[in-house]
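Comments concern the structure below.
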Amino acid sequence: MMKSIAVGILLTAFFLLELAACAAFGFWGYQLDVGGIFKIILMIALPLAVIILWGMFLSPKASIPIFADPIRTTLKLIVFLAASAALYTTGRHGLGIVFLTASIIVIGSVFILDLHRVNVGK
């Protein structure tokens, strides 16, 4: 019972990290030194690209699941690392470090509990 509650909390934290990563990429796109309308375009396009690629290749119900589960989880960590770097480069150093730490803790917990092998909805 306690393990299932912990798994639920962990998977919720994972989902919140996914949303935060999209927000980080949008914020980074807006902070880039480009002209007015391009800031808005990047603010929308970067998270949208991440969402599309995530859904195609990395989600539990990926439309093109070409990677094994542990590799997909590792690729998710790479996305989170890039989001951390995006926050850090915009001058949000503390936020970038907190996001990086949370990402490592959550991904590490997923591997320790062997949750990357769980096939949701199958």
Side-chain angles (χ1 to χ4, degrees):
M1 178 73 172
M2 285 300 281
K3 184 177 180 181
S4 64
I5 293 172
V7 168
I9 291 170
L10 183 63
L11 293 177
T12 300
F14 202 99
F15 178 68
L16 292 174
L17 281 175
E18 294 171 23
L19 294 177
C22 290
F25 286 120
F27 181 71
W28 179 69
Y30 188 78
Q31 296 298 315
L32 290 175
D33 191 21
V34 294
I37 190 70
F38 293 111
K39 286 179 172 279
I40 304 298
I41 291 170
L42 287 172
M43 182 180 74
I44 295 168
L46 289 173
L48 187 59
V50 170
I51 290 167
I52 290 169
L53 291 173
W54 191 284
M56 288 175 60
F57 300 110
L58 301 178
S59 76
K61 294 183 181 183
S63 57
I64 308 171
I66 60 174
F67 303 110
D69 291 334
I71 294 171
R72 280 201 325 242
T73 304
T74 304
L75 291 172
K76 291 174 186 181
L77 177 60
I78 291 170
V79 171
F80 294 154
L81 294 175
S84 299
L87 288 170
Y88 195 86
T89 61
T90 61
R92 304 295 192 249
H93 301 126
L95 192 55
I97 292 170
V98 167
F99 190 80
L100 174 66
T101 304
S103 299
I104 291 170
I105 290 170
V106 170
I107 295 285
S109 299
V110 165
F111 272 104
I112 289 169
L113 294 174
D114 204 29
L115 296 178
H116 59 279
R117 299 190 193 286
V118 175
N119 291 321
V120 177
K122 288 186 179 182

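The residues of the chain are indexed from 1 along the displayed sequence.
For the side-chain contact (heavy atoms from CB on, under 4.5 Å) test, residues two or more places apart in sequence or in another chain that qualify with Ala102 are Leu17. Partners of Phe27 by ring pair (Phe, Tyr, Trp, His ring centres under 6.0 Å), not counting sequence neighbours: none found. For Ala24, the side-chain contact (heavy atoms from CB on, under 4.5 Å) partners are Ala83, Leu87, not counting sequence neighbours. With sequence neighbours excluded, the residues satisfying side-chain contact (heavy atoms from CB on, under 4.5 Å) with Tyr88 are His93, Ile97.
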Ignoring hydrogens and angles, write down the donor-acceptor pairs under 3.5 Å from the side chains of residues 7-16, residues two or more places apart or on other chains.
unit_1 : atom_1 : unit_2 : atom_2 : d
Thr12  : OG1    : Gly8   : O      : 2.8

All N/O donor-acceptor pairs, side-chain side in residues 37-52, below 3.5 Å, sequence neighbours left out:
unit_1 : atom_1 : unit_2 : atom_2 : d
Lys39  : NZ     : Tyr30  : O      : 2.9
Lys39  : NZ     : Leu32  : O      : 3.0

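Here the side chains of Ile107 and Phe80 are in contact, with some heavy-atom distance below 4.5 Å. Side-chain contact between Arg72 and Pro65: present, with at least one pair of heavy atoms (C-beta onward) separated by less than 4.5 Å.
Closest non-hydrogen pair, Lys76 versus Leu58, comes out as CE-O, 2.8 Å.
Hydrophobic clustering of Ile, Leu, Val, Met, Phe, Trp and Tyr side chains at less than 4.5 Å, counting indirect connections, unites Ile71 with Phe111. In the hydrophobic clustering of this structure, Leu19 does not group with Leu100; members are Ile, Leu, Val, Met, Phe, Trp, Tyr whose side-chain heavy atoms approach within less than 4.5 Å, directly or through other members.
Between the CD1 atom of Ile64 and the OG atom of Ser59 there is a distance of 10.5 Å, given to the nearest 0.5 Å.
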